[in-house]
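No experiment lies behind these values; they were computed from the predicted model shown. For ligands, and for the atoms within them, numbers begin at 1 and follow the listed sequence. The residues of the chain are indexed from 1 along the displayed sequence.
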Amino acid sequence: MTERRDLYPSRVSTEPHFLPRVDPVVYSNWSEEAPLTREQYEAYERDGFLFLEGLLSQSEVQDLLQESARLRSGDAELDPETVFAEMESGDIRSIFRVHAQSPVMKALVADPRLAGLAEFLLGDQVYIHQSRLNYKPGFRGKEFYWHSDFETWHVEDGMPRMRALSMSVLLTDNHEYNGPLMLMPGSHKTFVTTIGETPADHYKKSLRRQEIGVPDDDSLTRLFEESAIVTPKGRAGSVIIFDCNTMHGSASNITPLPRSNAFFVFNALSNRLEAPFGKVDPRPEFVAARADTTPITSLPKQLAAAE
Ligand code: 6CS
Ligand code: FE
């Protein structure tokens, strides 16, 4: 059997490397019919992320907040392995596979403002690779260290190419002080390899605090010097779209204001997971969809609006 070619080898050497991205960022050409303005389209391709202020209405946000409170209350029937608590406080930090455990979240991902946009940017039908509700509670919300999602999804999940994107739907206002997402513009065009062996069942630790698969200080410094750090701020209902390889992280939240978001990863149907590129067992379905890759049919706009 011919050896599978790995375009983005990581966690395989003792030295980190900067490899060029060999995949496009946007897989559709812009036209007047596109769901983004030409400026937004060009900004997303150049920066690797886009901030859509107020994409959802305040009443839609209220519905989402109500649903996330229900999911967090313990009244909802949740698959226990999808619920992650904060290491110290025990507060719920994340609930995974929310699109499959909540009709409200299922409808949200199919909304043309989300699925339709993902289909356009990825130039394909799309399915949900991973979804999670992140509650960064006030006072004790822990940080997510700098990382490229694709580095993990490639090494640990077997995602072959950079043809996936994340949408973070803000459920609470993002201020500069309550642990907002930080992104490095343009970092998506460089694949930063990491060093270190992936431990067995790494996700049990990395989804709480990731220490393997994160760039070293010199690589981060070099990336920062060639880029900057941007923290999109705005009201609940805004959406941050970011490419699978954009370097990002978020600081801890010691303010009284929670920072919660619903996070959906859209993967192109042509980019479904293969065997992990790292020497690891595949991660479970709730973190990386393999069995359930049904393409999302984005609801027609009027139907979605009426939901
Ligand atoms: O490992 C993962 O798939 C998850 N970890 C982080 C910190 N971001 C992407 C994803 O949710
Ligand atoms: Fe991430």
Side-chain angles (χ1 to χ4, degrees), residues 8 10-11 48-49 81-87 92-100 105 109 127-136 141-160 162 164-170 174 179-184 187-188 191-192 194 196 198-215 220 223 229-232 239-253 259-267 271-273 276-278 280-290 293:
Y8 301 107
S10 188
R11 305 185 207 177
F49 64 89
E81 71 168 349
T82 64
V83 183
F84 276 67
E86 292 276 359
M87 302 269 243
I92 291 188
R93 173 182 175 99
S94 298
I95 300 174
F96 282 82
R97 264 182 81 69
V98 278
H99 69 289
M105 298 298 165
V109 296
Y127 72 93
I128 298 293
H129 162 68
Q130 180 187 111
S131 69
R132 61 195 283 188
L133 261 188
N134 289 318
Y135 298 91
K136 186 171 277 190
K142 282 286 163 256
E143 79 279 0
F144 283 97
Y145 193 69
W146 289 107
H147 62 282
S148 149
D149 292 339
F150 180 76
E151 195 277 347
T152 292
W153 297 340
H154 184 69
V155 170
E156 299 190 45
D157 297 335
M159 185 182 281
M162 294 181 182
L165 57 83
S166 299
M167 292 193 190
S168 174
V169 179
L170 306 188
N174 267 25
L181 192 65
M182 302 188 284
L183 304 120
M184 290 196 189
S187 59
H188 61 308
F191 181 70
V192 181
T194 69
T198 311
D201 287 344
H202 181 222
Y203 71 95
K204 288 181 180 162
K205 183 149 183 342
S206 68
L207 296 178
R208 284 187 172 79
R209 187 175 295 135
Q210 188 176 0
E211 283 153 7
I212 294 286
V214 294
L220 275 173
L223 261 188
I229 292 177
V230 173
T231 52
V239 174
I240 309 172
I241 310 175
F242 57 105
D243 176 80
C244 56
N245 189 46
T246 304
M247 193 60 67
H248 64 286
S250 61
S252 62
N253 179 17
R259 204 267 298 178
S260 299
N261 65 349
F263 171 84
F264 303 106
V265 183
F266 292 88
N267 190 24
N271 197 38
R272 271 168 290 194
L273 304 186
F277 283 81
V280 288
D281 293 333
R283 298 199 297 172
E285 182 75 14
F286 77 88
V287 185
R290 288 175 187 280
T293 59

side-chain hydrogen bond (donor to acceptor under 3.5 Å, both in side chains) between Glu156 and Thr198: does it pass, once the steps are laid out?
-> CA-CA 8 Å; Glu156 299 190 45; Thr198 311; 5.1 Å; no

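The backbone N or O of Gly48 sits less than 3.5 Å from a side-chain atom of Thr246, completing a donor-acceptor pair. A donor-acceptor pair under 3.5 Å is formed between the side chain of Arg259 and the backbone N or O of Gly179. At distances below 3.5 Å, at least one donor-acceptor pair connects side-chain atoms of Arg290 with backbone N or O atoms of Asp157. Between the side chain of Gln130 and the backbone N or O of Ala288 there is no donor-acceptor pair closer than 3.5 Å.
Thr152 pairs in a side chain to side chain donor-acceptor pair (under 3.5 Å) with only one of the listed residues (Gln210, Arg283, His147), which is Gln210.
Side-chain contact check for Thr82 and Arg97: no donor-acceptor pair (N or O, by modelled atom type) lies under 3.5 Å.
Ring planes of Phe84 and Phe286: tilted class, angle from 30 to 60°. Ring geometry, Phe191 versus His154: the interplanar angle exceeds 60°, so the pair is classed perpendicular (tilted spans 30 to 60°).
Protein N/O/S atoms closer to the Fe ion (ligand 2) than 2.8 Å number 3 in this structure.
Annotation: ligand 1 has protein neighbours Gln130, Arg132, Phe144, His147, Asp149, Thr152, Trp153, Leu207, Gln210, Phe263, Arg283, each with a heavy atom less than 4.0 angstrom from the ligand.
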